[in-house]
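Report on the following structure.
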Amino acid sequence: MEPLLWFGWFRADIIAEYALLFCRGLQMTITVTLICIVQGTGLGLAIGMARLAHTRHAPASLVCKYLLRWPSTVYVSFFRGTPLFVQILLMHFAVLPLLVNPSDGLLISGEAARSLKQNYGAFLSGVMALTLNAGAYISEIFRAGIQSIDRGQVEASRSLGLTHARTMYHVVLPQAFRRMLPPLGNNAISLLKDSSLISAIGLAEMAYAARTVAGAYSRYWEPYLTISLMYWVLTLGLAYLVKKLEARYGRGDTR
Amino acid sequence: MDEVIRVERLRKRFGALEVLRGIDCVVRAGEVVCVIGPSGSGKSTFLRCLNGLEEASGGTVHVGGVSVHEARTDLDALRAEIGMVFQRFNLFPHKTVLENIVLAPTRVRGLSATRALGRARELLAKVGLLDKVDAYPNQLSGGQQQRVAIARALAMQPRIMLFDEPTSSLDPEMVGEVLAVMQALAEEGMTMVVVTHEMGFARQVADRVVFIDEGLVVEEGAPGALFDRPREDRTRRFLSKVI
């Protein structure tokens, strides 16, 4: 292909040549981000509730402490206290081989394990690591959101005879959710950007596409500037979406 | 008359602080009991122990024959029979007036939406707020919010109503409208326990007044007797400050 220069130095032809690779990378980045947002939110809600679990009477109070509060606290502490990059490496090179292994995988073994690992290994471990990491951060958002709701709301609901679960579902979480939207939005943006780290274990997302192109041409400005712009557009889009949601659900909050 | 609430030797500690130091009290069906006393005397804590919002540190509370502070008691079922009105209203800010009222009847009693809405409108008519069905709590005045809160509690058709200083966070000109609703309720024969600083209301509406100080019942009796001829010195001193 004829070198096509923009502004005298930007080799646009390289980007054009690898357009398909960038598009596939974009698709993968979006897929991974969406899966991790959904799973991380579910996990974060569960962990956040576990961290707040308490009850008055033994033995249920002991169950709450040792089987819910304590493990969830350790979990959150670990995933917030270690680098995501290390978590991804640990997941890919240590945990995944333990679970999925042709000879003695704990979850899957045999020929299925070989092909699964070959085709989806990086995807699986990347998504698992990012989900577990996001779950830890999101659980803190849920916990803070739930704790920010006035005690009187729970008392009013419980004295009407609503159970703890119904109080959470109908009274506390809808109010907490409004307050959690801005931090959840920030978290989604972080997640999108952090997904680039999965390129280190060979997942063909945007950062991986840029690395491939950079390696092929020994040109760095073009591919990395291109994906930077793509990330930027994506995060701006996400931020816009969160703002829309806030405008829609933010009403009625008096505090 | 049947007794619906029986409190014996009720104690409550918050850490080192002993708020209730052995309260005895009986409330009969249809009775209106006003609980008065200085701030920090434990009267609100006493009320909150009646429906298990606070856990007792000692003694027993029976409501409708059910022991409140026992692990195997179904507190949710019991609370459905006990309405409670709070000082700070505690309406659900994300729900309209109507939604606030129908939530518990539909979810706890399993009432159909149509029936619950019908009953909610009746109750709102009764507290004079039929024009506010679709308003959100933050669009209402304090007095209106408290009347909605009363309607919300009544929607469960409780056997007992507990009021925790229901007029204490209201502007003075709104106190009357809330007390009027409570008085009407008393005249219908509702069993009520009212923690209040409104001595006029206690004198006029209560069947019995209980004076609590420092976690103990100092004196109780008919409002006429207690207000005009208090037996205890402490009662006399308290009344001289508030009346």
Side-chain angles (χ1 to χ4, degrees), chain A residues 45 49 52-65 141-142 144-184 245-255, chain B residues 47-48 50-56 69-96 99-110 135-140 145 148-149 152-158 160-162 164 169:
Chain A
L45 176 61
M49 300 284 261
L52 293 172
H54 69 97
T55 178
R56 284 175 188 179
H57 302 286
S61 57
L62 295 175
V63 172
C64 283
K65 187 172 175 189
I141 296 174
F142 271 100
I146 290 168
Q147 283 181 327
S148 78
I149 301 303
D150 183 43
R151 261 175 63 94
Q153 291 290 306
V154 175
E155 290 179 353
S157 175
R158 295 307 299 273
S159 39
L160 286 164
L162 287 140
T163 59
H164 173 74
R166 286 211 159 117
T167 297
M168 276 291 153
Y169 184 76
H170 293 290
V171 176
V172 176
L173 287 178
Q175 293 183 62
F177 181 66
R178 286 152 207 234
R179 292 183 198 179
M180 289 177 335
L181 264 175
L184 280 178
L245 279 173
E246 273 179 62
R248 184 161 161 199
Y249 292 108
R251 287 174 299 121
D253 193 345
T254 51
R255 275 175 283 271
Chain B
L47 195 75
R48 293 161 59 84
L50 297 185
N51 68 348
L53 279 187
E54 300 289 354
E55 198 181 0
H69 300 278
E70 224 170 284
R72 61 171 175 275
T73 299
D74 183 355
L75 261 186
D76 296 321
L78 186 68
R79 283 169 176 156
E81 309 296 329
I82 309 174
M84 184 152 191
V85 175
F86 299 85
Q87 184 179 346
R88 294 286 321 156
F89 328 132
N90 296 347
L91 293 180
F92 307 132
H94 60 301
K95 292 183 179 294
T96 65
E99 289 165 351
N100 262 277
I101 297 177
V102 300
L103 175 65
T106 52
R107 300 291 163 182
V108 180
R109 294 265 194 247
Y136 281 90
N138 62 4
Q139 298 167 318
L140 302 179
Q145 288 191 52
V148 172
R152 179 175 71 178
L154 289 175
M156 288 297 284
Q157 302 192 311
I160 303 165
M161 285 286 285
L162 308 178
D164 187 5
S169 52

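Within every chain, numbering begins at 1; the chains are lettered A, B, ... in the order of the sequence lines, protein sequences first and strands thereafter.
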Does any N or O in the side chain of A:Q175 come within less than 3.5 Å of the main-chain N or O of A:V171, such that one atom is a donor and the other an acceptor?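 Yes.
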
From [X] [atom1] over to [Y] [atom2], what is the distance, rounded to the nearest 0.5 angstrom?
X	Y	atom1	atom2	result
B:D76	B:E81	CG	CD	12.0 Å
A:H54	A:C64	NE2	SG	8.0 Å
B:R152	A:S159	CZ	OG	7.5 Å

Counting heavy-atom pairs closer than 4.5 Å to chain A, which one of B:M156, B:E55, B:M84, B:R88 comes out on top?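 Greatest number of close heavy-atom pairs with chain A: B:E55.
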
Residue selection (most heavy-atom pairs with chain A, distance under 4.5 Å) from B:L78, B:L162, B:L103, B:N51: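 Result: the option with the highest number of such pairs is B:L103.
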
Atom group of [X] that falls short of 4.5 Å from chain A, counting heavy atoms:
X	value
B:R48	side chain
B:F92	both
B:L53	both

Heavy-atom side-chain proximity of B:V108 to B:R79 below 4.5 angstrom: no

If one checks every heavy atom of A:R158 against chain B at 4.5 Å, the contacting part turns out to be both

